[in-house]
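Notes follow the structure.
Order of the sequence lines fixes the chain letters, A, B, ..., with proteins taken first and strands second; residue numbering starts at 1 for each chain.
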2 protein chains.
Amino acid sequence: MFNLLNMSSTPKRPPDRDEDLTARARIRDAAVECFARHGFDVTVRAIAERAGVSPGLVLHHFGSKAGLRETCDEYVRQTIRETKTEAVTAHGEQTFLQQLAEIDEYSDLLGYVLRSLQAGGPMAVALFEHMVEDIEEYLAKGEEAGTIRPSRDPKARARWLAANGLGSITMLFTLQGLGPDTDFRELLRRATHDIMLPALEVYTEGLLTERTMLDAYLLYISDPPEEPR
Amino acid sequence: MFNLLNMSSTPKRPPDRDEDLTARARIRDAAVECFARHGFDVTVRAIAERAGVSPGLVLHHFGSKAGLRETCDEYVRQTIRETKTEAVTAHGEQTFLQQLAEIDEYSDLLGYVLRSLQAGGPMAVALFEHMVEDIEEYLAKGEEAGTIRPSRDPKARARWLAANGLGSITMLFTLQGLGPDTDFRELLRRATHDIMLPALEVYTEGLLTERTMLDAYLLYISDPPEEPR
DNA sequence: CAGGAAGCTGAACACGTGTTTAACCTATTG
DNA sequence: CAATAGGTTAAACACGTGTTCAGCTTCCTG
């Protein structure tokens, strides 16, 4: 949410896609694309057609549609992991979405991730928890460095920030009608742009001028109100 | 997000539900319940069974499943509107979810709303835009009263806060596995509880200690950085 | 070269879905 | 009372879906 500002980040080239992949890989890629573009209710036949194979072959390779979905999940997760670890270490949270968006070939992955976050399931949970950890670590370092204010409950704050970042993006994405020709990268760019100013404002200047609400709540949960250092 | 603190609000009794409603109304209610509990992919047959009628009657009254869905949308929207206008005026944003949650008979409506926000569509857009307006008005009043900090772009800030509030709740709700026996009210309570402290913290104390990021961004969008009043 | 395994296909199958239809019941009305 | 309209049902229909299956091709291997 913060260093979305590093517009000058260095996008990593994806591994050269061999144009004649094994059929299994071609089906997998077609599935990711179709899932991203049409949602998870897309037909097995549609995926097969996109991959240029027969519907039977899809099930032959992946057992079932659910199996194909699992494979896609694993593939996307793996790709994200690689992209993250290969990138420069200095990135905050949610940046993995940005990174996906910045690499043209990964635009389908971005769509897949957004749809996963919208639909829920194990992958959404994994992505969320991962992001919570990232933010927590990031904030802890910032706290040490003195750039981040300390919190009475750093874990809760990290979860809240993760839910805000992922949730607001997903919400804006959901509110937009999502068709087969949706440009996920453009959408993400627009969403982050809209969010940038108010987020920075509130995060640096705050929103409330008085401490009454916070103090009242701290009192309510029987935690004596204390001066912020 | 703020005056979630008014634990002592006065829930409005819903209009006495006549136990033998017209079949059309019974189907509508059953549909809302089923949509909330099983999602919008629930079967027409399941709805009919829940209402104690034949599947044919459902279509006879509503034309199609889509028509039934529209009727439910309209009904829920209407109920929310009434609940809001009937309630005390002093409520901030997102509270309409809270209000639904506090009235036992409306727990299905709460689930319906959450599922709508998750799935998107016209109703989600309407709810979101409505909430943006509420927040904007609420913040404007606060700004006048001196309790809310002014913003360089109040509209953008309202949208961001709405996306955060609705998005984070929806996200937490999505991450939870949502089964037929999900207790939406309990879920909402838990989510708001988890969110309360960090939200109040950040909203009153801020998150960043330095202005560098904000100033850099303001400079980036060629808006001369200025001192906050 | 022979043979078998793997890749691959197209058609068929089984099933769940929304929807339609013809008939039945009920009650209001002329 | 008869008739007509609307509520209501059960069964059937049409269709899209995931999946299966028998057979075809291809290519590696002994």
From [atom1] of [X] over to [atom2] of [N], roughly how many Å is that when rounded to an integer?
| X | N | atom1 | atom2 | value |
| --- | --- | --- | --- | --- |
| Asp41(B) | dG18(D) | CG | P | 13 Å |
| Arg69(B) | dT19(C) | CZ | P | 14 Å |
| His61(B) | dT19(C) | NE2 | P | 16 Å |
| Lys65(A) | dC15(C) | NZ | P | 19 Å |
| Leu68(A) | dT19(D) | CG | P | 10 Å |
| Leu59(A) | dA22(D) | CG | P | 16 Å |
| Ile27(B) | dT8(D) | CD1 | P | 8 Å |
| Arg24(B) | dT8(D) | CZ | C1' | 16 Å |

Handout entry: Test log, rule side chain to side chain contact (heavy atoms under 4.5 Å, CB included), inputs Phe128(A) and Leu172(B)
Key = CA-CA 10 Å; Phe128(A) 178 78; Leu172(B) 294 176; 4.2 Å; yes
Exercise for the section: Taking atom types as modelled, find out whether Thr170(A) and Gln118(A) have a side-chain donor-acceptor pair closer than 3.5 angstrom. Expected result: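 Note: Thr170(A) and Gln118(A) side chains miss the donor-acceptor criterion.
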Exercise for the section: For the pair Ser64(A) (side chain) and Gly67(A) (backbone), establish whether a donor and an acceptor sit closer than 3.5 Å, ignoring hydrogens and angles. Expected result: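 At least one qualifying donor-acceptor pair exists.
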Problem - Distance under 6.0 Å and angle within 45° of ring axis: Arg115(B) vs Phe35(B) - result: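 Geometry flag: not set, cation outside 6.0 Å or 45°.
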Problem - Test log, rule side chain to side chain contact (heavy atoms under 4.5 Å, CB included), inputs Tyr203(B) and Met213(A) - result: CA-CA 10 Å; Tyr203(B) 286 158; Met213(A) 282 192 164; over 6 Å; no
Practice task
Tell me which nucleotide among dC8(C), dT8(D), dG18(D) gets nearest to the side chain of Val44(A).
Solution key: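 In terms of side-chain proximity for Val44(A), the closest of dC8(C), dT8(D), dG18(D) is dG18(D).
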Under 3.5 Å, which protein N or O atoms sit close to an N or O of nucleotides 9-14 of chain C? Give each pair with its distance.
| residue | atom | partner | partner atom | Å |
| --- | --- | --- | --- | --- |
| dT9(C) | OP2 | Ser54(A) | N | 2.9 |
| dT9(C) | OP2 | Ser54(A) | OG | 3.3 |

Practice task
Classify the ring geometry between Tyr112(B) and Phe40(B) as parallel (under 30°), tilted (30 to 60°) or perpendicular (over 60°).
Solution key: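 Geometry flag for Phe40(B) against Tyr112(B): perpendicular rings.
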